[in-house]
Amino acid sequence: MTILPRAVRRLALILPIALLTAQLTHAQDPAPPTPQFTTPEGGTPWIYEGSDVPRDEEWVFGKLPNGVRYAVRKNGVPPGQVSIRVRIDAGSLYEEENELGYAHLLEHLLFRESQYLGQAAAIPTWQRLGATFGSDTNAETSPTHTAYKLDLPNVDPAKLAESMKLLSGMVRAPVLSDANVRAEVPIVLAEKRERGGPQQRAADRSRETLFSGQRLATRIPIGTEATLNAATGKSVSAFYQRWYRPENTVIVVVGDIDPAQLAAEVERWFGDWKGRGTASPAPDFGDPAAPAGADPVNPVGEVAAIVEPGLPRSFSYAIMRPWRPVQDTIAYNEGLLRDSLAQALINRRLEARARAGGSYLYAQVQQDDVSRSTDATFVAFAPLSGDWKGALADVRAVIADAMANPPSTEEIDRELAEFEAAFASSVEQRRVMAGARLADDIVNAVDIREAVAAPETVLTVFNSMKQTVTPELLLEHTRKLFAGSVIRAAYVTPEADEASDADLRAALSAPVEAAADARIAAQAISFADLPPVGEPGTIARQGALGVLDIERVDFANGVRAILWANDAEPGRVSVKVRFGMGWRAIGPNDAAYAALGQLALVGSGVGELGQEELDRISTGRRMGFDFDITDGNFTFFAQTRRQDLADQLYLFAAKLQVPRWDVAPVQRALAAAKLSYSAYGANPAGIINRDLEYLLRDSDPRFRTPDPAALDAATPEGFRKVWEPLLRQGPVEVLVFGDFDREEGIAALSRTFGAIAPREPASESVANASFGFPEPGETVVEYHKGDANQAAAVIAWPSGAGVDGLPESRQLEILTQVFNNRLFDAMRERAGSSYAPVVNSSWPTDVNSGGRISAFAQLRPQDVPAFFEAADTIARDLATTPPGEDELKRVTEPLLQYINRVSTGNLFWLYQLEGSTQDAKRIALLRSLLNDLTETTPERMQLLAQKYFGGKAGWRLAVIPEGQQLATRRVATPSEAGR
């Protein structure tokens, strides 16, 4: 087993191990300061008050005299990082009618200007410190809180102090001037516009119905145009002063620094903060209540039939109860686990019915405490046709049976095994839990007014609950889940005459007969009873790969494997299988079957195992079966564990050797594809998702999203005819990285992939298939059926592909990020035209064509010309004038820190080395990756821009509303002209 420390692994790319180890052990941090307000020994931390849940001793809690609460913790995953969360107990539910959207607007304004950060300086400052905007530096506003998030890499005490200083200035002293409000409101409105359309309208109507009479019905974080446009520095400041107060603030810091240092910095920068005026009590969020005259046994209340022609059918109803704070005790958590067990039993029955050809595509039951407003049990399903009444009756019948009869002990044991595997896995992987996730756990616990527990505690509580479970007790919990104050429902349909509010109310009020056939028969299945894949294979070649102690094993049948047994991530093994020829092998008339393959190939079964049997045989195990198609390969992927690795490899190998061809998964995939197709046209992003890949591949028919006509022509027989030969064709490479025994892993590979029949070679035409790029010309215009103020635009240039060009592709990533920063500044900061424009570089390595650089933005139709003009200007400027050193640092420093972080995990090495058994140059080029991505010059960037942008027009696509014409120049709106 490899015992190389994670901190060494991440730098092994560039430094000899002996030298590195000396460097890591040479320096010593100074003694940390002593915080003054941590919870004293023997005291109860604030988050555990009123709880008997055992304290997670790795957390250090404190409370300042001004009311600020904090939690800090030492964590080295990834090494050198510190994750900071500042949570303000104020979200959209705290807004008055004339303040809708203010909580979210404040989130934006804190990043715009504050005590220690000038105008629009926050994002560049964090980038120079190595934090990427959007992933490492971000914020969120929910109905109940606003949380500011910073994941800061490569931190030392000085960098921590500077970051805490900057954050304190943002939170304690933002500049809420009229000018800043006027500058930020258009960006928020752009975000609101991009979220709009039929889906948002349906969501708004559903929310207004389900939470009728409560603040949650009319208060969503994005706000309204009227209140946002009316915002001023004074009005936003009033909201800020009311809620941004020490006693409403929780600060969480988790990272690779002594907890005393973390706590001391919180106390230093937030200890003297004082709120203005008297603290305001939180508003009453309201309770769900049944209308007068409702049946107390079946209290059906507000319902809504929502017609949106572009959306697929979906039905949701909720059994709602008032939310109340709880005492977060062990007994309470045991009850929650029983509730979850009851839901899992019902959901498995609902899924089995859908798989067998039921009246709905999917159905699910979920209990949730929503925004401290309601404790509700939600039931959601998608009818397969306009017979929503039949689908509703089927779903209710399954639930009625669960409420009438206790579950079998076999059903209970199956779900308990699933729960136990998940909780045990968390215990195994505790050492590698990311600091960012741990910080978020505290924020979420505070939000729902509950404590936090270590994985060992959760497993202990589960085991104590497990001993008490009986069928009768689960029946009691099931009945409580479906009892409440009021039942509300919303049905979204594309057909205007399909349902009325009265129809919904009548259907929900109708008596329901329990489904006697809802139970799933117990049937034990064991891997030991399955036939072998074949005769165990022999090893033809075995030796070091040449990177760390990663090993390569070639079998006589042609299968090649790369293995790395190490303990960097306890309890976790990543397995990836690359086989066949990917999109190269898909026929020009088989686009529908390619799409169906991504939905149904795994579900169609393996050998003697159908989809239900696959679920059953993996009960209580950690196994996966993800399938994907890339330009040059098909792939299976799973994260498993040592004790399940051999069986995971069996499933993957058996899929290639003895695939099963069940009809039901294909039919279900066909139904799903047909139902979702109409939704593509509902907004610009849907059109982009539907058509962009096809258009950027020079209208290659393989990449066309199948329409209903193409899907109607597809059959299960055709599905097998296409996929059966593809599963037999081309080379196989297996990668196994993680916490497993090397000898056991090689033996398992020999019994599985070493035992499959030799592969059929791909034809020369398939192996050499290329992917085109469209010729630039007139802007391609497509139309959506959504809101009149929504549009999207794409501009793209062809680039390169192939392993030989990897160093250039990495340098191109730097150039692309420079382009992204400039486009972000031009379209968001200056024009307020787009919320989040994105520039990407795609450089395929499994094939030698198909690369491109593309820029995308959602915006208003009148802003499409401004987007193309900005992109053209940036491309031209990059080709004629080298970028500045600071501009490059804002890109290369986050890339450097990103590589340092991700290279501590097994997936980084797996992704970098996949394909190296077919092309060994990948191994040699891995050694230059860090330099390629983080070291460059302005002149080198200019040369690269000249190569890909210089004198070349980009290919353009605009998606605009139906009935409009493409604008040729941008015209300012009256409100913009006024500003």
Side-chain angles (χ1 to χ4, degrees), residues 47-59 319 321 323-351 364-369 375-378 399 401-430 433 441-442 444-445 448-484 519-520 522 571 615-616 618-622 641 643:
I47 203 168
Y48 290 101
E49 291 174 355
S51 173
D52 63 355
V53 172
R55 174 180 174 179
D56 186 342
E57 297 294 338
E58 293 193 39
W59 285 103
I319 300 91
R321 301 166 287 272
W323 179 88
R324 293 292 182 267
V326 299
Q327 290 294 314
D328 191 12
T329 62
I330 292 175
Y332 167 73
N333 282 280
E334 288 180 345
L336 289 182
L337 286 169
R338 294 187 196 100
D339 289 345
S340 297
L341 189 58
Q343 295 167 69
L345 287 162
I346 295 173
N347 285 331
R348 194 178 294 277
R349 295 175 185 176
L350 290 169
E351 173 64 12
Q364 186 174 41
V365 168
Q366 181 177 350
Q367 183 277 333
D368 197 7
D369 292 340
D375 165 16
T377 303
F378 294 91
I399 295 171
D401 177 69
M403 295 173 63
N405 303 297
S408 67
T409 55
E410 291 83 4
E411 284 183 298
I412 295 172
D413 289 344
R414 183 177 181 183
E415 302 307 331
L416 286 173
E418 293 282 82
F419 279 47
E420 186 169 14
F423 295 143
S425 178
S426 294
V427 172
E428 290 176 334
Q429 296 175 30
R430 175 182 178 128
M433 291 178 67
D441 286 346
I442 292 283
N444 294 332
I448 60 176
R449 306 303 198 244
E450 294 183 6
V452 291
E456 293 84 355
T457 298
V458 175
L459 182 59
T460 299
V461 173
F462 167 76
N463 285 328
S464 67
M465 181 277 297
K466 180 179 175 181
Q467 304 305 317
T468 66
V469 168
T470 64
E472 291 71 26
L473 186 58
L474 280 187
L475 177 61
E476 178 185 336
H477 276 259
T478 301
R479 288 170 173 168
K480 288 181 179 178
L481 283 170
F482 292 94
R519 306 302 172 97
I520 303 174
D615 281 354
R616 187 175 295 281
S618 60
T619 296
R621 320 284 294 277
R622 190 168 183 217
R641 55 185 180 170
Q643 55 266 48

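All of these numbers come straight from a predicted model, not from anything done at the bench. Throughout, numbering of the chain's residues begins at 1 and tracks the sequence.
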What's the shortest heavy-atom distance between [X] and [Y], and which atoms?
{"X": "Phe482", "Y": "Met403", "value": "CB-SD, 3.7 Å"}
{"X": "Pro471", "Y": "Pro407", "value": "CB-O, 3.3 Å"}
{"X": "Val53", "Y": "Asp328", "value": "CG2-O, 3.3 Å"}
{"X": "Ala454", "Y": "Arg430", "value": "CB-NH1, 2.8 Å"}
{"X": "Ile47", "Y": "Glu450", "value": "CG1-O, 3.7 Å"}
{"X": "Trp323", "Y": "Ile448", "value": "CZ2-O, 4.2 Å"}

- Item | Under 3.5 Å donor-acceptor, Arg321 side chain and Ala483 backbone | yes
Roughly how far apart are [X] [atom1] and [Y] [atom2], rounded to 0.5 Å?
{"X": "Gln364", "Y": "Asn347", "atom1": "CD", "atom2": "CG", "result": "5.0 Å"}
{"X": "Leu345", "Y": "Leu474", "atom1": "CG", "atom2": "CG", "result": "6.0 Å"}
{"X": "Thr377", "Y": "Lys480", "atom1": "OG1", "atom2": "NZ", "result": "12.5 Å"}
{"X": "Glu418", "Y": "Arg621", "atom1": "CD", "atom2": "CZ", "result": "11.0 Å"}
{"X": "Leu341", "Y": "Leu336", "atom1": "CG", "atom2": "CG", "result": "12.5 Å"}
{"X": "Glu415", "Y": "Gln343", "atom1": "CD", "atom2": "CD", "result": "11.5 Å"}

Any [X] side-chain heavy atom under 4.5 Å of [Y] side chain:
{"X": "Ile520", "Y": "Arg414", "result": "yes"}
{"X": "Arg641", "Y": "Gln429", "result": "no"}
{"X": "Asp56", "Y": "Tyr48", "result": "yes"}
{"X": "Pro54", "Y": "Ile330", "result": "yes"}
{"X": "Glu351", "Y": "Asp615", "result": "no"}
{"X": "Leu337", "Y": "Phe423", "result": "yes"}

- Please determine which of Thr478, Asn333, Leu481, Leu473 meets the side-chain contact (heavy atoms from CB on, under 4.5 Å) test together with Arg338. Leu473
- May I ask you to say whether Arg349 pairs ionically with Glu411, meaning some side-chain N is under 4.0 Å from a carboxylate O? yes
- Query: Between Arg449 and Asp369, does at least one N-O distance fall below 4.0 Å, as a salt bridge requires?
  - Reply: no
- Message: Arg55: which residues meet the side chain to side chain donor-acceptor pair (under 3.5 Å) condition with it, sequence neighbours left out?
- Response: none
Less than 3.5 Å apart, which donor and acceptor atoms pair up between the side chains of residues 457-466 and the rest of the protein, not counting sequence neighbours?
from	atom 1	to	atom 2	distance (Å)
Thr460	OG1	Glu456	O	2.9
Asn463	ND2	Leu459	O	3.3
Ser464	OG	Glu334	OE2	2.5
Ser464	OG	Val461	O	2.7
Lys466	NZ	Glu420	OE1	2.9

